[in-house]
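Quick caveat: nothing in here was measured; it's all calculated off a predicted structure.
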Amino acid sequence: MIRTILHFLGRFALTLAVLLSSSWACLALWYHFPGPAAMKIGAGVLWVAFGLAAIVLTWRRRAARALLSYAVGFALLLGWWSTILPSQNRVWADDVSRQLHSRVDGSIVTLDNVRNFEWRSDTDYTQRWETRQYDLDRLRTVDVSLSYWTGPAIAHTLVSFGFDDGRFLTFSIEIRKERGESFSSVGGFFKQFETSLIAADEHDILRVRTNVRGEDVYMYRVSLPQPEIRSLFLAYLGEGAALVREPSFYNTLTANCTTIVYALAKRIVPGLPMDWRLLASGYLPDYLFDVGGLAPGYSMEALRAAGRITERAIATDKTPGVDFSRAIRQGLPGVAAAGTGAAQ
């Protein structure tokens with residue numbers, strides 16, 4: 001009796017393994033098998049038949065031979081998968097067509113390809129790529145922004161650095177889309193996108209989300225000493241240089257906009273705890289609050305309410321010439337009333 005139960009559980013576990021690996025294989029074939037959609041579907045159908053045959057034979061007491069055949073087939077598929085490598089040379093979408101280059105000379109940082117587009121719609125924009133200089137000795141603040149478009153659990157993370165001259169620069173880890181591509185969270189698991197680091201003016205990279213795409217954006221002042229802010233800024237430059245040297249695939253779970261920020265921050269603040277909210281990026285502010293990383297003296301509810309910049313950003317379109325960065329920070333906890341970006 002016990003042996004029968006154990007045999008049943010063993011076959012059930014093997015069946016589950018084949019089903020899960022076959023699902024992965026079908027998606028891998030869909031995203032990367034060469035040829036038109038019909039060929040991709042055909043490859044997937046053949047793999048499903050292969051997996052089902054292995055399952056049927058497993059339950060007919062021919063498990064060893066069936067699973068050996070399936071294992072060999074899956075190993076060959078993994079060998080093919082390993083040959084799919086990231087590239088620097090594709091027909092990129094305009095907003096990720098250039099890569100950030102940086103030079104550091106003492107405290108002076110020179111950045112090439114800082115994005116400063118003028119967005120009228122997602123398809124109508126004026127391209128501007130600029131060379132800018134920043135003095136790290138004048139670096140004072142860091143703010144994290146979360147842009148929501150599909151419920152509370154999923155958000156895009158952007159990090160803005162403020163200088164005492166009132167300027168801000170935002171870094172954003174994004175997919176490097178090819179022309180005509182759009183984001184797919186499933187595709188992000190299957191090597192569909194390379195990773196891009198964008199350095200941009202806030203009037204570009206925050207405004208396009210609030211005023212053009214209709215996303216809901218929240219900003220939070222991060223409580224960090226100036227040396228650690230400087231180190232985080234330089235860590236972003238290091239990440240950008242690494243992507244120029246060697247491209248990398250974006251991964252929806254393990255190498256996304258939030259997990260990379262965490263990896264950078266952990267270099268500077270050792271001992272930061274790993275947390276599920278780093279994967280469910282929409283809850284990142286709650287994580288930062290719990291580790292004491294946000295402006296002190298406020299509840300999380302108060303920080304969230306005052307940190308919603310969407311309406312303030314939209315209102316700037318009605319006042320030509322307004323300082324966008326100053327306007328969106330009006331009333332932001334931890335920001336001086338003058339709106340210069342300096343911490344209280």
Do you reckon [X] sits in the same ILVMFWY cluster as [Y], going by side-chain contacts under 4.5 Å, direct or chained?
| X | Y | result |
| --- | --- | --- |
| Ile229 | Leu234 | yes |
| Leu77 | Leu20 | no |
| Val208 | Leu158 | no |
| Val91 | Tyr250 | no |
| Tyr283 | Tyr262 | no |

Find the distance between [atom1] ([X]) and [atom2] ([Y]) and round it off to the nearest 0.5 Å.
| X | Y | atom1 | atom2 | answer |
| --- | --- | --- | --- | --- |
| Ile198 | Arg176 | CD1 | CZ | 8.0 Å |
| Phe193 | Glu181 | CZ | CD | 5.0 Å |
| Ile108 | Leu136 | CD1 | CG | 7.5 Å |
| Asp216 | Tyr148 | CG | OH | 9.0 Å |
| Thr15 | Ile55 | OG1 | CD1 | 5.5 Å |
| Ile309 | Thr210 | CD1 | OG1 | 6.0 Å |

Less than 4.5 Å apart, any side-chain heavy atom of [X] and any of [Y]?
| X | Y | result |
| --- | --- | --- |
| Ile175 | Thr195 | no |
| Leu146 | Val144 | yes |
| Leu169 | Val114 | yes |
| Arg90 | Lys177 | no |

Legend entry - salt bridge (charged side-chain N to carboxylate O under 4.0 Å, His left out) partners of Arg230, counting only residues at least two apart: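 By the salt bridge (charged side-chain N to carboxylate O under 4.0 Å, His left out) rule, Arg230 matches Asp137.
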Inset, instruction - Output all residues satisfying salt bridge (charged side-chain N to carboxylate O under 4.0 Å, His left out) with Glu246, sequence neighbours left out; order by chain, then residue number. - result: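 Scan of Glu246 (salt bridge (charged side-chain N to carboxylate O under 4.0 Å, His left out), adjacent residues dropped) gives none.
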Give the table of side-chain donor-acceptor pairs shorter than 3.5 Å for residues 26-53, with sequence neighbours excluded, one pair per line with atom names and distance.
from	atom 1	to	atom 2	distance (Å)
Tyr31	OH	Gly187	N	3.4
His32	NE2	Phe190	O	2.6
His32	NE2	Lys191	O	3.1
Lys40	NZ	Trp30	O	3.2
Lys40	NZ	Phe33	O	2.7

Does a side chain donor of either [X] or [Y] reach within less than 3.5 Å of an acceptor in the other side chain?
| X | Y | result |
| --- | --- | --- |
| Glu118 | Gln127 | no |
| Asn211 | Asp317 | yes |
| Ser22 | Tyr70 | yes |
| Trp92 | Ser196 | no |
| Gln133 | Thr110 | yes |
| Asp143 | Ser160 | no |
| Thr258 | Thr157 | yes |

Donor-acceptor pairs under 3.5 Å, side chain of residues 287-296 to any protein atom, not counting sequence neighbours: which ones?
from	atom 1	to	atom 2	distance (Å)
Tyr287	OH	Pro273	O	2.6
Asp290	OD2	Arg277	NH1	2.7
Asp290	OD2	Arg277	NH2	3.2

Inset, instruction - List the steps and the verdict of side chain to side chain donor-acceptor pair (under 3.5 Å) for His156 and Ser172. - result: CA-CA 9 Å; His156 182 73; Ser172 176; 2.7 Å; yes
Legend entry - Presence of salt bridge, Arg98 and Glu130, under 4.0 angstrom: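 So Glu130 does not pair with Arg98 through a salt bridge.
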Legend entry - Presence of salt bridge, Arg132 and Asp201, under 4.0 angstrom: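 Looking at Arg132 together with Asp201, the answer is yes, because their closest N to O distance falls below 4.0 Å.
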Which heavy-atom pair separates [X] from [Y] by the least distance, and what is that distance?
| X | Y | answer |
| --- | --- | --- |
| His101 | Val244 | CE1-CG1, 3.7 Å |
| Leu243 | Gln88 | O-NE2, 2.9 Å |
| Ala200 | Ile205 | CB-CB, 3.8 Å |
| Glu194 | Pro86 | OE2-CA, 3.5 Å |
| Ile328 | Glu202 | CD1-OE1, 4.1 Å |
| Ala306 | Leu332 | O-CD1, 4.0 Å |

Legend entry - Aromatic centroids of Phe163 and Tyr134 separated by under 6.0 Å: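 Judged by ring-centre distance (under 6.0 Å), Tyr134 and Phe163 do meet the cut-off.
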Inset, instruction - Verify whether the ring centers belonging to Trp129 and Phe117 lie closer than 6.0 Å. - result: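 Yes, the ring of Trp129 comes within the 6.0 Å limit of the ring of Phe117, centre to centre.
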Inset, instruction - Fit a plane to each ring of Tyr125 and Trp119, take the angle between them on a 0 to 90° scale, and name the class: parallel (under 30°), tilted (30 to 60°) or perpendicular (over 60°). - result: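 Correct class here is tilted.
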Legend entry - Listed partners of Thr126 passing side chain to side chain donor-acceptor pair (under 3.5 Å), at least two apart: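 Side chain to side chain donor-acceptor pair (under 3.5 Å) check on Thr126 returns Arg120.
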Legend entry - Leu111 vs Val109, side-chain contact (heavy atoms from CB on, under 4.5 Å): CA-CA, chis, key distance, verdict: CA-CA 6 Å; Leu111 303 180; Val109 174; 3.5 Å; yes
Table please: side-chain donor-acceptor pairs of residues 78-85 below 3.5 Å, with sequence neighbours left out.
from	atom 1	to	atom 2	distance (Å)
Ser82	OG	Gly79	O	2.7
Thr83	OG1	Trp80	O	2.5

Legend entry - Within 45° cone of Phe168 ring axis and under 6.0 Å: Arg329 NZ or CZ: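 Yes, Arg329 lies over the aromatic ring of Phe168.
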Inset, instruction - May I ask you to establish whether Arg213 and Trp149 are in a cation-pi arrangement, using a distance under 6.0 Å from NZ or CZ to the six-membered ring centre and at most 45° from the ring axis? - result: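 Cation-pi check for Arg213 and Trp149: fails.
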Inset, instruction - Begin with the C-alpha distance, continue with both residues' side-chain angles, and end with the deciding distance and a verdict on salt bridge (charged side-chain N to carboxylate O under 4.0 Å, His left out) for Arg304 and Asp286. - result: CA-CA 9 Å; Arg304 187 176 287 111; Asp286 301 85; 3.0 Å; yes
Inset, instruction - Step by step, work out the side-chain contact (heavy atoms from CB on, under 4.5 Å) result for Thr319 and Phe324. - result: CA-CA 10 Å; Thr319 311; Phe324 181 84; over 6 Å; no
Inset, instruction - Give the C-alpha distance, both sets of side-chain angles, the deciding distance and a yes or no for side-chain contact (heavy atoms from CB on, under 4.5 Å) between Tyr236 and Phe161. - result: CA-CA 11 Å; Tyr236 267 108; Phe161 292 86; 3.9 Å; yes
Inset, instruction - Assess whether atom CG of Asp105 is packed by more than 12 heavy atoms of other residues, nucleotides or ligands within 6.0 Å. - result: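 Atom CG in Asp105 is not crowded, with 12 or fewer foreign heavy atoms closer than 6.0 Å.
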Inset, instruction - Evaluate the criterion salt bridge (charged side-chain N to carboxylate O under 4.0 Å, His left out) for residue pair Arg207 and Glu215; output intermediate values, then yes/no. - result: CA-CA 10 Å; Arg207 181 183 168 276; Glu215 299 177 15; over 6 Å; no
Inset, instruction - Walk me through it: do Asp112 and Leu100 pass the test side-chain contact (heavy atoms from CB on, under 4.5 Å)? - result: CA-CA 6 Å; Asp112 294 325; Leu100 177 68; over 6 Å; no
